[in-house]
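This report concerns only the one structure given below.
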Amino acid sequence: MNKKVKDICSTVGYGIFGVAVFLAVWEAGIHFTSLGIVLPGPGEVIHSFLVHIVVPIGKYTVFVHALKSLARVFTGYALSSVLGIITGLAMGYSKSVNAAVSPIFNMFRAIPGVAWIPLAIVWFGIGESAKVFIIFVGGFSHIVLNSIAGAKRVSSELIGAAQLLGADKRQVFIKVVLPSSIPYIFAGLQISLSGSWMSVVAAEMISSYEGSGWIMVTGMNTGNTTQVLVGMISIALIGLILSSAMRGVERHLCAWNVRGR
């Protein structure tokens with residue numbers, strides 16, 4: 001067994017051990033403290049989650065609700081990624097663009113996505129567009145900040161060498177700045193994806209009838225704590241899968257600069 005396989009097995013083993021300890025502490029808290037008054041046990045929650053993979057909650061099963069949420073997230077995430085990369089690289093590469101846009105960006109990035117819900121309803125109504133907008137806001141600032149960092153940290157020696165060879169500003173940007181910024185952009189894409197996925201609950205609070213966030217909101221409204229936790233597990237598992245997938249893509253496309261294992 002080579003070192004890479006051993007590292008993977010070790011990581012998986014420690015992960016399973018950590019989850020087992022967490023579940024054991026949770027179960028002990030239910031049995032030996034008053035925690036059971038407000039929280040169901042892990043067995044009950046896991047059983048409910050497995051049941052609702054087949055039995056619908058509302059119109060759909062947990063799996064279909066997750067797919068509905070993913071469709072919304074990927075739409076908002078795609079928009080935030082494209083606009084965020086363009087905005088961030090422009091701000092990082094051009095001092096004039098940064099001077100013009102930075103004050104507005106720094107002011108609005110401090111506003112959490114939830115705070116945009118009233119305006120989203122006024123602007124877009126209570127349909128899908130409002131939900132996509134909230135998800136867009138949740139991921140936009142992360143990708144902008146990382147793209148700015150990538151463009152600003154390009155080696156001045158590389159830029160100088162390209163200019164000495166006769167490259168104009170457009171060629172310097174395409175041939176030097178953009179490739180050098182890719183690791184930072186990938187870091188931003190991963191953080192942005194997490195931010196967009198976390199925003200799905202807030203987005204689905206806007207008159208939604210489906211999605212993992214809807215499962216949680218409906219459980220809250222009916223006092224069904226088990227259903228709330230089922231929705232949380234769904235969101236957590238999908239978030240883990242998305243994060244792992246992004247890291248895998250990064251490992252293949254940015255193998256020279258992987259940020260940890």
Side-chain angles (χ1 to χ4, degrees), residues 38-40 44-84 108-144 188-246:
V38 296
L39 193 69
E44 180 181 348
V45 174
I46 294 172
H47 177 264
S48 180
F49 178 81
L50 294 175
V51 166
H52 287 299
I53 291 176
V54 179
V55 179
I57 299 177
K59 293 182 179 179
Y60 307 109
T61 63
V62 169
F63 179 72
V64 177
H65 279 296
L67 291 180
K68 298 286 185 180
S69 294
L70 276 173
R72 293 179 179 128
V73 167
F74 280 136
T75 303
Y77 174 67
L79 291 172
S80 66
S81 296
V82 173
L83 295 179
F108 283 100
R109 76 184 180 90
I111 303 174
V114 177
W116 289 95
I117 290 179
L119 279 178
I121 294 174
V122 172
W123 290 342
F124 304 107
I126 58 175
E128 291 298 308
S129 296
K131 300 175 183 64
V132 170
F133 175 75
I134 297 300
I135 294 167
F136 167 85
V137 171
F140 181 71
S141 62
H142 301 296
I143 186 61
V144 171
L189 287 172
Q190 185 168 334
I191 299 170
S192 178
L193 181 57
S194 297
S196 297
W197 182 243
M198 287 188 290
S199 299
V200 75
V201 177
E204 290 175 347
M205 289 174 65
I206 306 174
S207 186
S208 179
Y209 299 97
E210 58 196 16
S212 298
W214 174 85
I215 292 176
M216 294 176 59
V217 173
T218 304
M220 176 189 69
N221 292 336
T222 59
N224 188 340
T225 307
T226 301
Q227 182 172 311
V228 173
L229 292 172
V230 166
M232 291 176 66
I233 291 174
S234 173
I235 289 174
L237 289 176
I238 296 297
L240 177 62
I241 293 170
L242 292 176
S243 177
S244 299
M246 281 297 295

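Everything quoted here is computed from the prediction, not taken from an experiment.
Residues G211 and S69 share a closest heavy-atom pair of CA-OG, 3.2 Å. Pairing each heavy atom of I143 with each of G84, the nearest pair is CG2-CA, 3.5 Å. Here the shortest heavy-atom pairing between E204 and W214 reads OE1-N, 3.2 Å. When all heavy atoms are compared, the tightest approach of T225 to P40 is CG2-CD, 3.6 Å. Heavy-atom minimum distance, H65 versus Y209: CE1-O, 4.5 Å. Nearest approach of R109 to S141, heavy atoms of both residues: CB-CB, 3.8 Å.
For the atom pair F136 CZ and S199 OG, the distance stands at 11.5 Å (nearest 0.5 Å). Atom OG of residue S243 and atom CD1 of residue I191 lie 10.0 Å apart, to the nearest 0.5 angstrom. Atom OG in S80 sits 9.5 Å away from atom CD1 in I135 (nearest 0.5 Å). Residue N221 holds its CG atom at 6.5 Å from OG1 of T218, rounded to the nearest 0.5 Å. Note that CG of L242 is 6.0 Å distant from CG of L70, once rounded to the nearest 0.5 Å.
Residue pairs that meet the side-chain hydrogen bond (donor to acceptor under 3.5 Å, both in side chains) test with at least one member in residues 116-140, sequence neighbours left out, are R72-E128. Pairs of residues two or more places apart, or lying in two chains, never qualify as salt bridge (Lys or Arg N to Asp or Glu O under 4.0 Å) while including a residue from residues 188-201.
Applying the ring-ring contact (aromatic ring centres under 6.0 Å, His included) rule to F49 yields no partners; only residues at least two apart in sequence or on another chain are considered. In terms of the ring-ring contact (aromatic ring centres under 6.0 Å, His included) criterion, W197 has no residue partners (sequence neighbours excluded). Listed by chain and number, the residues in a ring-ring contact (aromatic ring centres under 6.0 Å, His included) with F124 are F133 (sequence neighbours excluded).
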Run the numbers on I126 and I121 for side-chain contact (heavy atoms from CB on, under 4.5 Å), then give the verdict. CA-CA 6 Å; I126 58 175; I121 294 174; 4.1 Å; yes

Taking distance alone, no hydrogens or angles, what donor-acceptor pairs closer than 3.5 Å link side-chain atoms of residues 227-234 to residues at least two apart or in another chain?
from	atom 1	to	atom 2	distance (Å)
Q227	NE2	I215	O	3.0
S234	OG	S212	OG	3.0

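The closest donor-acceptor contact from the side chain of T75 to the backbone of A71 lies under 3.5 Å.
Residues I57 and V62 meet the side-chain proximity criterion, which asks for heavy atoms closer than 4.5 Å.
The neighbour count for L83 CG, taken as heavy atoms of other residues, nucleotides or ligands under 6.0 Å away, is above 12.
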